[in-house]
Amino acid sequence: MLICGFLFLSTAAPFSSAVLNCSQPTPASLLRSLEPVFELKSLRPVINISVPTRVGIEFTLFGILGVDEKSQVLTTFIWETLEWKNEFTSWDPVECGLEWIAIARDLLWVPDIVINEFMEKNSAPEVPYTYLRYDGLVYDAKPVRVVSSCSLNIYLFPFDVQNCTFTFNSYIHRSSAIQLELLGTYEQIFQASKEEMATQGEWQLVGITSERVVIPTLEGYSYDELRFFVAVKRHSTMYVVNLLIPSCFLITVDLFSFMLPVQNVDRSLFKMTLVLGYTVFLLSTNDLLPITGNTIPLINVFLSLCLTLMVTSLMETIFITNLQRGSAHYTPPPRWIKGFILNFLGRLAGIPPKPEPEKDLVIKNPDIQENFSPVSKENETIERKGTQKEHETLQVLKNLSRDLQAIHHHVILQLKGSPSSEEWIQIGLVIDRLLFIFYIFFITVSFISIIIIWVTSYNSV
Ligand SMILES: *[C@@H]1O[C@H](CO)[C@@H](O)[C@H](O)[C@H]1NC(C)=O
Ligand SMILES: *[C@@H]1O[C@H](CO)[C@@H](O)[C@H](O)[C@H]1NC(C)=O
Ligand SMILES: *[C@@H]1O[C@H](CO)[C@@H](O)[C@H](O)[C@H]1NC(C)=O
């Protein structure tokens, strides 16, 4: 290749070193005198082939069209500008009448600069022209729709910042043939991009930096690369409003539902409705979440944590309800359970053990009997004097009173519940309170740690 280049050069050399002559100061005459240059378009436009062509690169980020987490691509729209020197051309702007001329790109040599991360063909509109200056500088600008692969890290979604790379390099030319350089500085590129940016969707440009790298190969050659790091940050407000705040509210409602007494209101039904509502909420917001295979975003952990907490608290309620409602059929709790839960844990949870159930209700019962008895004794004295009919009536009344007493006793037993059920209810209360405290503690710790991770990572950018 090098020998061929030299052969070409030896034929082109006498011409290329010279200045082009225009017969008239018109574009047509300049174009005519440029024709020999067009014939050399397959040759890198340098007079001494061992001198590399320096290609200046710059771009303006015009739009961030989107990030596809699933296929890990970033789609952007850029205006790419390349500049290099065509040493074969040079004319006198006075003699030829113009300093710049627009030339069809395929008439001139153009460097084969590509972006390595390209995943799709450039679908931006074709621009067929380049500008050629009287001293041989070629200015080549075109729009490019860059669909670039980018290793996306969505662990911190929706507070994530993506750092994607655009690597500009010549596909086949080595450093000895093409050297890349940045036109201007990357701060200028960043400022220009921020000003020009027309569409960013849910993304915000937070920085562009660049570095030039020379990649050595095993054969002893090297390739030039110009890398741009484009950092974009997601606008997270929509996700906070649509996902996080409703979840937090539902969890709060779930927390407050512990205040519903298990005995009177059906707390489990309430919690069940809450879980159902949350499931529907998750289904309807499912397409807001990114889908990827490798990492699970923290927000998914957060949402499943909320669901898990709700389900756990539902199960807890079912357990407590069972303990409190079904306890009439249970055997009395073992002594160690009573001692441990009622005395120790109960005090810990702020529910002191109830004093031993007094028999006052049962004692009241004989009260009525005592009231009744003297009457019955009096009655007995009267009875002796009374007629047979009165005696029968009295007998009926006595039977009635005995029945009433039995019913009364039964009702009191029912109302008070058996002593064992009383204890189970108390145990249920203590466990309920303890689990509630544990629940609050767990929610606080896990939410605070998730929020800390988000805040620190959000501020570190
Ligand atoms: C252009 O003209 C100058 C003198 O006017 C001459 O020396 C030179 O060889 C000419 N160049 C070409 C390419 O004809
Ligand atoms: C080409 O350039 C190289 C290095 O710049 C130099 O050593 C060599 O002499 C030059 N050749 C000619 C023909 O000018
Ligand atoms: C992007 O990553 C590159 C290297 O991996 C680093 O030099 C650059 O500072 C990063 N940009 C931002 C904004 O984090």
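Since we're looking at a predicted model, the values are computed, not measured. The first residue of the sequence shown is numbered 1, and numbering continues consecutively from there. As the structure lists them, so they are numbered: ligands from 1, and atoms in each ligand from 1.
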| field | Ligand-side contact atoms (ligand 3) for residue partner Ala231, heavy atom cut-off under 4.0 Å | value | 13 (C)
| Pairs in or reaching into residues 186-213: which pass ring-ring contact (aromatic ring centres under 6.0 Å, His included), with residues at least two apart or in two chains? | none
| said: Strictly below 4.0 Å, N to O, side chains only: are Arg54 and Asp224 in salt-bridge contact? | reply: no
| said: Rounded to the nearest 0.5 Å, what separates atom SG in Cys248 from atom CD1 in Ile245? | reply: 7.5 Å
| task | Could you verify whether a donor N or O on one side chain and an acceptor N or O on the other, from Thr130 and Arg105, lie under 3.5 Å apart? | result | no
| field | Electrostatic pair Glu87-Lys85, nearest N-O below 4.0 angstrom | value | no
Need the list: ligand 2 N/O atoms against protein N/O atoms, distance under 3.5 Å, rounded to one decimal.
| residue | atom | partner | partner atom | Å |
| --- | --- | --- | --- | --- |
| ligand 2 | 2 (O) | Asn48 | ND2 | 2.2 |
| ligand 2 | 2 (O) | Ser50 | OG | 3.4 |
| ligand 2 | 11 (N) | Asn48 | ND2 | 2.8 |
| ligand 2 | 14 (O) | Asn48 | ND2 | 3.4 |

| said: Less than 4.0 angstrom from a charged side-chain N to a carboxylate O is my criterion; do Lys338 and Glu422 meet it? | reply: no
| query | Under 4.0 Å between a Lys/Arg side-chain N and an Asp/Glu carboxylate O for Asp135 and Arg133? | reply | yes
| message | Asn163 versus ligand 3: do any nitrogen or oxygen atoms come within less than 3.5 Å of each other? | response | yes
